[in-house]
Amino acid sequence: MKYVLLVHGGAGAINRKMISSKRDAYLNGLESALRAGGRILEKGGSALDAVEKAVIDLENNPIFNAGKGSVLTHDGEVELDASIMEGKGRQAGAVCGLRNITNPISAARCVLQESEHVLLSAKGALRFANAMGFEQVTDGYFFTEERKAQLEKALKTDRVFLDHDSDEKHGTVGAVALDLEGNLAAATSTGGLTNKKWGRVGDSPLIGAGTWADNRSCAVSCTGYGEAFIRCLTAYEVGARILFGGSSLEKAGDAAIHQSIGELGATGGLIAVDRMGNYHMPFNSAGMFRGVLMKGREPEVRIF
Ligand code: ASP
């Protein structure tokens, strides 16, 4: 029996020179998340617990675009999207446009476990989190000076930015895992795009678009221009190519990114693992912060 845990910290036009001073901080952040989730898998814990734990670790790290340190909306606010899914019963939970909760992935997990619903939005999601006993923090908890500067720049050009395509390199986060019992799970969390307007929701909280887990095929977490991932149902597409098309994980992941997403002129990537422990992390952007941990091995982390 083996376990596998993959994490990502976002994809984009990552510039080698510009990130050089922060390279170690990113790699250490990915490694820390792998170790946090890996401890659960090592003890025989579930893939669902492991992906939640890994994503919490990344949400708490202000260098990534999720939880603390998330990018700012057009109005200078932080609106968080997250989702989580397990592959045995295909249960899922998600939140979007959530404010003032430190770990949206845990709120999503709570939706999965404690509610009759899959996706809760904005004020309703916050009310649910409050009712479930989540601590509410002030806006100040999430803000960093870098994010303010990033928004000011975006406002000047009136464009939205994928986090890693702006000068400051941070990113959406995600994790997928196979546990010792052979179950799969996936989780994704993000602040979305810098300068997003009008309650924009990306792919990350949408089951099938940014996140998918099905023991019959694979577990997937995506990152990139959410609008394209929604139009392609990318995470589900990878599973469907395996389940209905008999594709290998590698071919399915490559087709979803290099054909489907690429044909729409969008960039991004995904991490995916199947029940045999095969894994794949394709991207069509310059880089993707990513890492893998397998039973009996040291964590491996990469950007390019
Ligand atoms: N997919 C995310 C979104 O569109 C952004 C990202 O992956 O960085 O909200």
Side-chain angles (χ1 to χ4, degrees), residues 10 48-49 51-86 91-144 147-148 150-151 154 160 163 170-175 185-211 221-223 226-227 229-230:
L48 192 64
D49 284 345
V51 295
E52 182 188 0
K53 186 72 186 167
V55 168
I56 289 173
D57 204 72
L58 294 162
E59 285 177 340
N60 292 346
N61 186 338
I63 206 164
F64 297 103
N65 172 22
K68 189 175 177 63
S70 284
V71 299
L72 302 181
T73 67
H74 183 71
D75 298 325
E77 286 164 351
V78 168
E79 291 178 359
L80 304 160
D81 294 342
S83 63
I84 190 163
M85 184 171 188
E86 57 83 28
Q91 296 183 85
V95 290
C96 63
L98 178 65
R99 298 187 54 188
N100 304 104
I101 295 296
T102 53
N103 293 114
I105 199 64
S106 296
R109 171 86 189 258
C110 212
V111 174
L112 180 158
Q113 248 164 247
E114 308 296 338
S115 83
E116 302 172 278
H117 307 297
V118 170
L119 173 60
L120 301 182
S121 71
K123 281 187 186 148
L126 180 59
R127 264 171 42 209
F128 171 76
N130 285 334
M132 291 292 130
F134 282 79
E135 186 200 352
Q136 198 171 325
V137 295
T138 62
D139 293 345
Y141 167 83
F142 299 94
F143 290 158
T144 63
R147 294 310 191 191
K148 282 184 198 155
Q150 212 176 42
L151 175 63
V160 291
D163 190 22
H170 309 251
T172 289
V173 307
T188 312
S189 180
T190 187
L193 303 181
T194 299
N195 197 21
K196 63 183 183 179
K197 294 175 191 162
W198 304 304
R200 180 265 186 190
V201 173
D203 60 313
S204 309
L206 302 182
I207 296 301
T211 302
S221 170
C222 300
T223 173
E227 280 67 9
F229 286 76
I230 293 170

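Computed from a predicted model, the values in this text were never measured in an experiment.
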Output the distance between atom CG (D81) and atom CG (L193), rounded to the nearest 0.5 Å. 9.5 Å
For G171 and V173, which heavy atoms make the closest approach, and how far apart are they? O-CG1, 3.5 Å
Taking the side chain as C-beta and beyond, is there a heavy-atom pair between F134 and N103 under 4.5 Å? no
Contact summary for I84 and A187, nearest pair of heavy atoms: CG1-CB, 4.0 Å
In this structure, CD of Q136 is separated from OH of Y141 (nearest 0.5 Å) by 13.5 Å
Rounded at 0.5 Å granularity, tell me how far NE2 in H117 sits from CG in L112. 13.5 Å
Nearest-0.5 Å distance that lies between atom CZ in R99 and atom CZ in F142: 9.0 Å
Just checking, is any N or O donor in the side chain of T211 or T188 under 3.5 Å from an acceptor N or O on the other one? yes
Under 4.5 Å between any side-chain heavy atoms of L151 and V71, yes or no? no
With a 4.5 Å cut-off on side-chain heavy atoms, are K148 and L72 touching? yes
CD1 of I105 to CG of L58, rounded to nearest 0.5 Å, is 10.5 Å
Write down the atom of T223, the atom of F229, and the distance for their closest heavy-atom approach. O-CZ, 3.3 Å
Separation between NZ (K53) and CG (L48), nearest 0.5 Å, reads 14.0 Å
Which heavy atom in D203 sits nearest to a heavy atom in C222, and how many Å separate them? OD2-CB, 3.9 Å
Ignoring hydrogens and geometry, is there a side-chain-to-backbone donor-acceptor pair from K68 to T102 under 3.5 Å? no
Could you check if a side-chain atom of R200 sits within less than 4.5 angstrom of a side-chain atom of E227, using non-hydrogen atoms only? yes
Is any side-chain heavy atom of V111 closer than 4.5 Å to a side-chain heavy atom of V95? yes
Any donor-acceptor N/O pair, N65 side chain to G191 backbone, under 3.5 Å: yes
Side chain proximity check, M85 to V118, heavy atoms < 4.5 angstrom: no
Looking at side-chain heavy atoms only, is the closest gap between L206 and L119 below 4.5 Å? yes
Using a 3.5 Å distance criterion without hydrogens, assess whether the side chain of Q91 forms a donor-acceptor pair with backbone atoms of E86. no
Can a donor-acceptor pair be found between the side chains of E79 and T73 at a distance below 3.5 Å? no
Does atom NZ (K123) have a neighbourhood of more than 12 heavy atoms from anything else shown, all under 6.0 Å? no
Are any side-chain N or O atoms of N61 and backbone N or O atoms of I63, one a donor and one an acceptor, separated by less than 3.5 Å? yes
Tell me the closest heavy-atom pair linking I101 and L80, and the distance in Å. O-CD1, 3.6 Å
Check the side chains of E52 and S106 for a donor-acceptor pair under 3.5 angstrom, ignoring hydrogens and angles. yes
Heavy-atom pair of closest approach, residues S204 and S83: O-OG, 2.6 Å
Quick one, V78 and D139 - any side-chain contact, counting heavy atoms below 4.5 Å? no
